[in-house]
A.B. asks: 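Provided herewith is a single structure, encoded as structure tokens, for subsequent inquiry.
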Amino acid sequence: MSSMWNEKTFTAERPATAAFDAWRVRADFPVLKQTVRGRPLIYLDNAASTQKPTAVIDTISRFYREEYSNVHRGVHYLSQLATDLYEDARRTTRSFLNAKHDEEIVFVRGTTEAINLVAQTFGRSKLGPGDEVIVSAIEHHANIVPWQMICREKGATLRVIPMNEHGDLILDAFEPMLSERTKLVSIVHVSNALGTVNPVKEIIDIAHQHGVPVLIDGAQSVQHMPVDVQELDCDFFALSGHKIYGPTGIGVLYGKKALLEDMPPYQGGGDMILSVSFERTVYNDLPYKFEAGTPNIAGAIGLAAALKYFRSHDIAALAAHESALLQYATEKLESIDALRIIGTAKEKASVVSFTLCAVHPHDIGTILDQHGIAIRAGHHCAQPVMQHFGIPATARASFSFYNTMEDVDALVHGVQSVLEVFA
Ligand SMILES: Cc1ncc(COP(=O)(O)O)c(C=O)c1O
């Protein structure tokens, strides 16, 4: 099996990323200091979820120790404090995305809930028989199934922008798909399965020329690149807190104010109303109309701490470091004859998916785990992507700014051990 390795594997130059000190960043993440199975933990499962810096852990801990209460309904000190912190978190998120208004920031559970919210409100009110929603061939299930559900209910059709063999969308096919029947385009910014960075600005501009609004699934983009929703001019943008160093159970739906105002509520209950009687209920203003019940207060405050922490870094330098990691990993992995990289798009971010001939991705993941290396194996909730490439699953390493070139070396040596086991 060692013949599957060639010279290049061992001689690939490590690119210099002197401008960014990943070792200093690592010190902010307590979980990374541990050993796993007797080896230092090498965490390369960041597309599934990122680890949490001390700044986030401490903020959540302080909130529960010193500041906790329910929000919006109390006149007492702690309730006002918690309300201020929660609404501050909204302002921080607004500024992070450069949205125009605080009311355009709706706290939800994550990207999945954000997309379901739009499908069940905007989709439910706008779609009728014969109408169409456009997604792409590289979507996560979270940006397929909610649209399938509402399209089926309304007699509408889900249309799919195709991709080529590299995992790039075939944009020439997109514009002819738009018509007066198209009610929404919903597109992933960065693919979790392939790492493809979609030209979302171009897609938005084309859709807008046809008067069609666009939702961007930003679950895999905000942690790797600056995102400005006004500059993009997207109509909706969804993100998950846990993928950008924040807590689980919190995410954001950004929506243009006029669109959100026009949409019916998602869930009914407390906080989303101004008045209720058995005869008539008056819904609350934005964004509370979409935040029924006690929200994830600690989650929102923790998310704001994560966004502030993330923003305290030089994002251009961080992105350059992650891109150097990806390039180095790609060069080293693709020099292994038995290895096939799945997803070779023109522009990629932080994800390298691969298969090894005759070794199931789950076996790759299990053997790497014995080396303390955490990757993900499976279909990555993107089964149509797997079908496109004619495979059931891939092994996926995904990088964060706290990963180092040494992590990549360990991954490559781990893959070598996998090949030795199956030799
Ligand atoms: C591209 C993409 N969209 C949507 C989601 C769903 O995110 P969540 O599970 O946080 O709701 C994910 C999660 O991996 C994702 O990668």
Side-chain angles (χ1 to χ4, degrees), residues 43-52 56 93 106-120 133 135-149 160-161 163 167 169 185-200 203 214-225 227 234 236-254 266 290 296 299-300 302-303 306-307 322 342-343 345 347-353 374-386 388 393-400:
Y43 189 78
L44 298 174
D45 194 18
N46 296 290
S49 205
T50 51
Q51 297 297 345
K52 314 306 167 201
V56 170
T93 310
V106 179
F107 285 125
V108 290
R109 277 195 299 129
T111 305
T112 303
E113 187 170 55
I115 297 172
N116 275 279
L117 190 160
V118 178
Q120 291 299 322
V133 173
V135 296
S136 85
I138 59 174
E139 302 304 325
H140 185 282
H141 296 165
N143 199 27
I144 300 174
V145 185
W147 301 115
Q148 278 177 331
M149 289 162 66
V160 183
I161 308 170
M163 69 166 134
L169 292 186
V185 174
S186 191
I187 293 287
V188 71
H189 197 171
V190 174
S191 154
N192 66 311
L194 303 175
T196 308
V197 180
N198 277 330
V200 287
I203 291 172
V214 181
L215 183 154
I216 300 296
D217 170 352
Q220 300 290 347
S221 65
V222 280
Q223 62 278 50
H224 301 301
M225 59 191 70
V227 168
C234 55
F236 300 103
F237 190 94
L239 68 92
S240 295
H242 69 99
K243 293 187 196 280
I244 182 163
Y245 311 104
T248 52
I250 188 76
V252 177
L253 170 68
Y254 157 81
Y266 178 41
F290 294 111
N296 184 351
L303 170 63
L307 298 181
E322 291 183 348
I342 306 295
E347 205 188 328
K348 286 182 64 174
S350 288
V351 166
V352 58
S353 257
I375 62 147
R376 187 142 299 243
H379 54 60
H380 316 297
C381 295
Q383 283 185 323
V385 173
M386 301 296 122
H388 176 88
T394 71
R396 180 188 72 186
S398 50
F399 304 105
S400 153

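Here, residue 1 is the first one in the sequence, and each next residue gets the next number. Whatever order the structure lists ligands and atoms in, that order sets their numbers, starting from 1.
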A.B. asks: Any idea which part of His242 is under 4.0 Å from ligand 1, heavy-atom wise: side chain, backbone, both or neither?
C.D. replies: side chain

A.B. asks: Would you say the side-chain atoms of Thr50 and Tyr43 include a donor-acceptor pair closer than 3.5 Å?
C.D. replies: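 No - no donor-acceptor pair under 3.5 Å links their side chains.
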
A.B. asks: Counting only heavy atoms closer than 4.0 Å, does ligand 1 sit against the backbone of Lys243, its side chain, both, or neither?
C.D. replies: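 It is the side chain that gets close, since no backbone atom is under 4.0 Å.
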
A.B. asks: Quick check: do Thr248 and Arg109 have side-chain heavy atoms less than 4.5 Å from each other?
C.D. replies: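 The answer is no; the side chains never approach within 4.5 Å.
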
A.B. asks: Can you tell me the protein heavy atom closest to atom 16 (O) of ligand 1 and the distance?
C.D. replies: Gln220 NE2, 2.7 Å

A.B. asks: Run the ring-centre check on His141 versus His380 and record whether the distance is less than 6.0 Å.
C.D. replies: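 Not close enough - the centres of the two rings lie 6.0 Å or further apart.
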
A.B. asks: Decide whether Ser186 and Asn143 meet the rule of one side-chain donor and one side-chain acceptor closer than 3.5 Å.
C.D. replies: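 Result is yes, a qualifying pair exists.
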
A.B. asks: Does only the side chain of Thr111 get under 4.0 Å from ligand 1, or the backbone, or both, or neither? Count heavy atoms.
C.D. replies: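 Under 4.0 Å from ligand 1, Thr111 contributes backbone and side-chain atoms.
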
A.B. asks: At what distance is the nearest protein heavy atom to atom 9 (O) of ligand 1, and which residue and atom is it?
C.D. replies: Thr112 OG1, 3.6 Å

A.B. asks: Going by the order shown, which atoms of ligand 1 are within less than 4.0 Å of some heavy atom of Asn192?
C.D. replies: 16 (O)

A.B. asks: For atom 7 (O) of ligand 1, which protein heavy atom lies nearest, and how many Å away is it?
C.D. replies: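 Among all protein heavy atoms, the one nearest atom 7 (O) of ligand 1 is Ser240 OG, 3.5 Å.
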
A.B. asks: Looking only at the side chains, is there a donor atom on one of His189 and Ser221 sitting less than 3.5 Å from an acceptor on the other?
C.D. replies: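 Per modelled atom types, His189 and Ser221 side chains form a pair under 3.5 Å.
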
A.B. asks: Go through the side-chain N and O atoms of Ser191 and Thr196 and say whether any donor and acceptor fall under 3.5 Å apart.
C.D. replies: no

A.B. asks: Below the 3.5 angstrom mark, is there an N/O of Asp217, backbone or side chain, next to an N/O of ligand 1?
C.D. replies: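 Yes, since at least one N or O of Asp217 sits under 3.5 Å from an N or O of ligand 1.
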
A.B. asks: Please state which protein non-hydrogen atom is closest to atom 15 (C) of ligand 1 and give its distance, to 0.1 Å?
C.D. replies: His140 CD2, 3.3 Å

A.B. asks: Quick one about Ser240 and Thr111 (side-chain donor to acceptor, distance below 3.5 Å, no hydrogens or angles considered), yes or no?
C.D. replies: yes

A.B. asks: Under 4.0 Å from a heavy atom of Val188: give me the atoms of ligand 1 that qualify, with their elements.
C.D. replies: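 Per the distance check, 1 (C).
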
